[in-house]
Amino acid sequence: MRIGIVAPAKGIDEALASRALGLAAVAMPSVDLVFHPQCFLADGHFAGPDAARAAAFLEIANDPAFDAIWFARGGYGSDRILHTVMPLLGEAARRKTYLGFSDMGFLLGALYAAKIGRPAHGPMILDARRSDGGFAFARGLRWLATKDRAVLEPGLDGHPAAAFNLAILTALIGTPWLPDLTDHVLLIEEVSEPLYRIDRMLFTMAHATQLKGLAGVRLGNVTDIQANEPPWGESLETMIVRWCGEMGVRYLGRAEIGHGAGNHVVPFGLA
């Protein structure tokens with residue numbers, strides 16, 4: 001089993017790569033993690049210029065020697081290469097599993113919309129840095145290597161599903177990269193936003209014509225909420241129930257996804 005690591009947004013350092021390789025060697029010695037050199041580039045905010053990040057993704061995606069792509073980390077940037085990479089994905093790319101979350105939702109959504117491979121929302125290489133023994137990292141590795149259903153988000157109920165960071169979802173609305181989510185359960189999560197911005201994004205979600213026909217919405221972790229002055233005065237649960245009501249879609253409760261050690265895997269489509 002060969003898993004290619006690329007960084008379509010921000011990069012990583014050698015220490016993190018070494019940590020990930022060590023954890024993988026202990027957890028699944030039969031898996032070969034291969035870090036593309038592009039992961040270690042730096043160009044301002046990004047892991048190299050757009051052309052380098054696009055080329056690295058295409059190189060691994062179109063190489064039949066790799067079984068899966070595991071995104072190194074999130075951070076803004078993967079949307080900037082969609083128009084370059086999507087038309088150039090070949091047959092080998094269609095047979096791969098792709099795993100990431102946060103900003104990687106741009107690529108995961110575009111892949112699902114184009115019916116290329118098996119994208120899934122879940123832990124990334126960056127999770128190897130956590131001080132919890134690498135549980136989230138191991139969860140992602142187990143999905144890529146064995147499709148272990150024990151690592152799936154426990155509330156998946158047989159409906160097709162898709163999971164997104166809320167900011168990425170709202171950025172995809174109105175673009176050709178947002179997949180058709182009719183009859184899907186949509187799981188959302190967010191990080192480092194004040195509640196008024198979350199409310200604004202939920203408005204966009206609730207009234208997006210591209211999101212008509214959802215089977216339901218579930219709310220994952222919303223972490224590192226930024227202070228609001230004056231205090232917002234409304235709970236997350238109240239907000240999501242209100243906007244789901246306005247959307248005409250059932251609110252199905254909480255989900256174990258998001259920026260934290262409890263991030264579970266949500267394959268796009270049927271698990």
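For the numbers below, each heavy atom of this structure counts, side chains included, while hydrogens, waters and symmetry mates do not.
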Verify the neighbour count for atom CZ of Arg2: are there more than 12 heavy atoms of other residues, nucleotides or ligands below 6.0 Å? yes

Do Asn165 and Ser102 have a side chain donor and acceptor closer than 3.5 Å? no

Is there a donor in the side chain of Tyr112 and an acceptor in the side chain of His184, or the other way round, less than 3.5 Å apart? yes

So, taking the atom named [atom1] in [X] and the one named [atom2] in [Y], what distance separates them when rounded to the nearest 0.5 Å?
{"X": "Met205", "Y": "Ile198", "atom1": "CE", "atom2": "CD1", "result": "12.0 Å"}
{"X": "Asp103", "Y": "Met124", "atom1": "CG", "atom2": "CE", "result": "8.5 Å"}
{"X": "Leu16", "Y": "Arg129", "atom1": "CG", "atom2": "CZ", "result": "4.5 Å"}
{"X": "Phe57", "Y": "Ile81", "atom1": "CZ", "atom2": "CD1", "result": "6.5 Å"}
{"X": "Glu189", "Y": "His259", "atom1": "CD", "atom2": "NE2", "result": "5.0 Å"}
{"X": "Leu21", "Y": "Asp32", "atom1": "CG", "atom2": "CG", "result": "9.0 Å"}

With sequence neighbours left out, what residues match Glu190 under salt bridge (Lys or Arg N to Asp or Glu O under 4.0 Å)? none

Kindly give the heavy-atom pair with the smallest separation between [X] and [Y], and that separation in Å.
{"X": "Phe35", "Y": "Ile12", "answer": "CE2-CD1, 3.6 Å"}
{"X": "Leu108", "Y": "Ala120", "answer": "CD1-O, 3.5 Å"}
{"X": "Ala128", "Y": "Phe137", "answer": "CB-CD1, 3.7 Å"}

Is there a side-chain contact between Leu178 and Leu211 in this structure, where contact means two heavy atoms from C-beta onward sitting under 4.5 Å apart? yes

Quick one: does Phe135's side chain get under 4.5 Å of Arg130's, heavy atoms only? no

Could you work out, with ring-ring contact (aromatic ring centres under 6.0 Å, His included) as the rule, every residue matching His36, not counting sequence neighbours? none

Under 3.5 Å: donor-acceptor pair, side chain of Arg139, backbone of Gly122: no

Check for a donor-acceptor pair, side chain of Arg94 on one end and backbone N or O of Gly117 on the other, with a separation under 3.5 Å. no

For the pair His207 and Trp243, name the ring-plane relationship: parallel under 30°, tilted 30 to 60°, perpendicular over 60°. perpendicular

Stepwise, does the side chain to side chain donor-acceptor pair (under 3.5 Å) test hold for Thr182 with Lys212? CA-CA 7 Å; Thr182 303; Lys212 299 302 181 188; over 6 Å; no

Residues Asp199, Arg242; criterion salt bridge (charged side-chain N to carboxylate O under 4.0 Å, His left out); working and verdict: CA-CA 10 Å; Asp199 195 62; Arg242 173 166 51 77; 2.8 Å; yes

Do any pairs count as a ring-ring contact (aromatic ring centres under 6.0 Å, His included) and have a residue in residues 138-177, sequence neighbours left out, and if so which ones? Phe164-Phe268

